[in-house]
Enquirer: 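Could you have a look at this structure, given as structure tokens, before my questions?
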There are 2 protein chains.
Amino acid sequence: MQAVAVKSKSNALAPLSRGSAAQATRQLVLEAAEELIRTEGLEALSFREVSRRAGLSHQAPYHYFPDREAILAALANQGFALLAEKLREARRSRPTPLARLEACGNAYVDLALSRPAHFKLMFRPEMVKLDDFPDTAAFADSAFQELQATVREVLEAGHGVPEEEPVLTALCWSVVHGLAGLLLDGPLLYKLGRSGSGQLVPLVMAMMCGLVEGRTAGVRRGRTKGARGAAARTR
Amino acid sequence: MQAVAVKSKSNALAPLSRGSAAQATRQLVLEAAEELIRTEGLEALSFREVSRRAGLSHQAPYHYFPDREAILAALANQGFALLAEKLREARRSRPTPLARLEACGNAYVDLALSRPAHFKLMFRPEMVKLDDFPDTAAFADSAFQELQATVREVLEAGHGVPEEEPVLTALCWSVVHGLAGLLLDGPLLYKLGRSGSGQLVPLVMAMMCGLVEGRTAGVRRGRTKGARGAAARTR
DNA sequence: AGCGGAAGGTGACACTGTCAAGCCGTGCGT
DNA sequence: ACGCACGGCTTGACAGTGTCACCTTCCGCT
């Protein structure tokens, strides 16, 4: 990394055009930040430490990012883009709606586990306020659309009625998001033991799809309000 | 509720007369911290600010808490105790296993929404490492046991086979945890609109129970591995 | 009476994010 | 061709933070 630092210092007088040099240092800062959160964790991320690792003065990044939050937003950007791409890919890789839902779920959790800092960043509004970064919000929306489209397909395939789309979307998103969060933040692994953890994610995803699939019978029997059955009957 | 948390921590020091005064200031510090995170949010919590609000010097709390993390752990303690209590209460309030599961889910999300800072604290290992605070971990475990026991009841009632307990537990926990996280951290409300948000939580919980309930038919038909159906068939 | 030790205070240090200037070389207008 | 403005980057400063070391005060016990 020191080699990088030296190189970055020497390219101050690069013969290239101004703009590209600027983008180069900007990229350098982002890469330093990314490596930092991947090795040291999200909490260790400091503006000054990033500058240090990039071989710059503590104020250089300030030229490209208005404040600390902007760096975080740029990283969250990467995360959302990656998520959207993985979800698209997962959907393409499977033929049936339910299998696509399953693949999307696995992809979602996979991303969270393989890029924990990015994932946390994406869902920490106190660190990155999406309102202040419309392009990041757009990437987030793109990822969300993949999920929602998948759920819609599932409903259209007969595993439910269209009006339930928002609720089923929320449910499926909650499953994958919650599983990712519980695995990332420890308690689940801690409680259920590390033994079967490798299999846990696909098993949960399979069960989720199995439950949704089993629903088809209920719908066909005309029990379209099956979702409210438990509450209605026991109260 | 607070009394529970304090009681658990009353182990270390307690030479009576002295101890009571000490506990008083200790409690003062905790209350100041609690009010701070409830009004200003979790990120605004600083050791010095807490001391200021408690009317003490910036170093006084250091006498009762070894470091910042210990304050956070004490607050997480409150949260876990509250959660366990709400879950127990939810279980008692309903007669059938599925209805209990539904009530537990609602209670879980309710706690997260009504005490957001506490909830975040409980699941942020970088802020509170449960390994360093065994009593807090015990409270967390107590809450988890409630959830697991509820799931076990559901299985015993015929909505699945016993071997699936870990997976179903993970699934249900993921649903409630994920829903809480998505609501707290914004994206869900942002995407699905604030309109039906008030109804969203109970609807999702009802759907979750409805799905699990619908499973009974599948099990009775002998399709005990229904959960893996989607994956097996489409691959 | 005297002392130990707990409750609490003061000052310092390294670190953070951010603001305000400064330096320097390139590209532009004239 | 020259000057100058400006982009890229640096340096210096400030308030705020968590934490360490040391200090004062004062209660309760022997």
Side-chain angles (χ1 to χ4, degrees), chain A residues 4-30 32-33 36-37 40-75 124 126-129 132, chain B residues 10-30 32-33 36-37 40-75 124 126-129 132:
Chain A
V4 177
V6 170
K7 197 175 127 201
S8 83
K9 276 241 174 183
S10 64
N11 81 355
L13 36 119
L16 299 111
S17 79
R18 281 276 194 78
S20 74
Q23 286 301 332
T25 29
R26 209 191 111 102
Q27 189 61 23
L28 200 72
V29 169
L30 277 184
L36 185 56
I37 63 176
E40 309 286 331
L42 189 54
E43 314 307 313
L45 180 67
S46 84
F47 220 146
R48 288 172 109 107
E49 180 63 22
V50 168
S51 311
R52 225 168 280 140
R53 298 213 176 191
L56 300 166
S57 78
H58 73 261
Q59 197 64 313
Y62 231 105
H63 235 266
Y64 303 95
F65 304 92
D67 54 8
R68 179 191 144 104
E69 196 181 343
I71 295 189
L72 302 181
L75 294 175
R124 288 262 232 275
E126 69 271 18
M127 285 187 162
V128 178
K129 283 192 268 295
D132 302 345
Chain B
S10 66
N11 45 15
L13 23 128
L16 300 138
S17 55
R18 256 323 165 63
S20 74
Q23 286 299 336
T25 31
R26 210 193 111 101
Q27 187 62 23
L28 201 70
V29 169
L30 276 184
L36 185 56
I37 64 175
E40 310 286 331
L42 189 55
E43 313 307 312
L45 179 67
S46 86
F47 219 144
R48 288 171 110 106
E49 179 64 23
V50 168
S51 310
R52 225 167 280 138
R53 298 212 177 191
L56 300 167
S57 80
H58 73 262
Q59 197 65 314
Y62 232 108
H63 234 266
Y64 301 95
F65 305 92
D67 55 6
R68 179 192 143 101
E69 197 181 343
I71 296 189
L72 302 181
L75 294 175
R124 289 262 232 275
E126 70 271 17
M127 285 187 163
V128 179
K129 283 192 268 294
D132 302 344

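Any value given below was found using the heavy atoms of this structure, including those in side chains, with hydrogens, waters and symmetry copies removed. So that the names make sense, note that chain A is the first sequence line, chain B the second, and so on, each numbered from 1.
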Enquirer: Within the structure provided, determine whether B:Tyr64 and B:Leu30 are in side-chain contact (heavy-atom separation under 4.5 Å).
Expert: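 A side-chain contact under 4.5 Å is absent here.
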
Enquirer: Looking at B:Glu49 and B:Ala44, would you say the former's side chain and the latter's main chain have a donor-acceptor pair under 3.5 Å?
Expert: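 Here the side-chain-to-backbone pair does not exist.
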
Enquirer: Rounded to the nearest angstrom, tell me the gap between atom CZ in B:Phe47 and atom C1' in C:dG8.
Expert: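 Rounded to whole Å, this separation is 13 Å.
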
Enquirer: Write down the distance between CD1 (A:Ile71) and C1' (C:dT18), rounded to a whole number of angstrom.
Expert: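 To the nearest whole Å, that distance equals 13 Å.
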
Enquirer: How close or far is atom C1' of C:dT10 from atom NE2 of B:His58, stated in whole angstroms?
Expert: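 The answer, rounded to whole Å, is 7 Å.
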
Enquirer: What I'd like to find out is whether the side chain of B:Leu42 reaches to under 4.5 Å of the side chain of B:Met127, using heavy atoms alone.
Expert: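 Counting from C-beta outward, B:Leu42 and B:Met127 do come under 4.5 Å.
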
Enquirer: State, yes or no, whether a side-chain contact exists between B:Leu72 and B:Arg124 at a heavy-atom distance under 4.5 Å.
Expert: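 No, side chains not in contact.
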
Enquirer: At less than 4.0 Å, is any side-chain N or O atom of B:Tyr62 found next to OP1 or OP2 of C:dG8? Yes or no.
Expert: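 Negative; the distance criterion is not met.
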
Enquirer: Is A:Arg48 touching bases, backbone alone, or none of the nucleic acid, heavy atoms closer than 4.0 Å?
Expert: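 Base, at least one base heavy atom under 4.0 Å.
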
Enquirer: Rounding to an integer number of Å, can you tell me how far B:Leu28 CG sits from C:dA7 P?
Expert: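 Rounded to the whole Å, the gap is 15 Å.
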
Enquirer: Taking the nucleotide of DNA chain D with the closest heavy atom to each, which residue, A:His63 or B:Leu45, is nearer the 5' end?
Expert: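 That would be A:His63.
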
Enquirer: Hey, does the side chain of A:Thr25 come within less than 4.0 Å of D:dC9's phosphate (OP1/OP2), counting only N and O?
Expert: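 Checking D:dC9 against A:Thr25, a side-chain N or O does come within under 4.0 Å of OP1 or OP2.
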
Enquirer: Please compare A:Pro66 and A:Glu49 by the position of their nearest nucleotide in DNA chain C and report the one closer to 5'.
Expert: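 Its nucleotide being nearer the 5' end, the pick is A:Glu49.
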
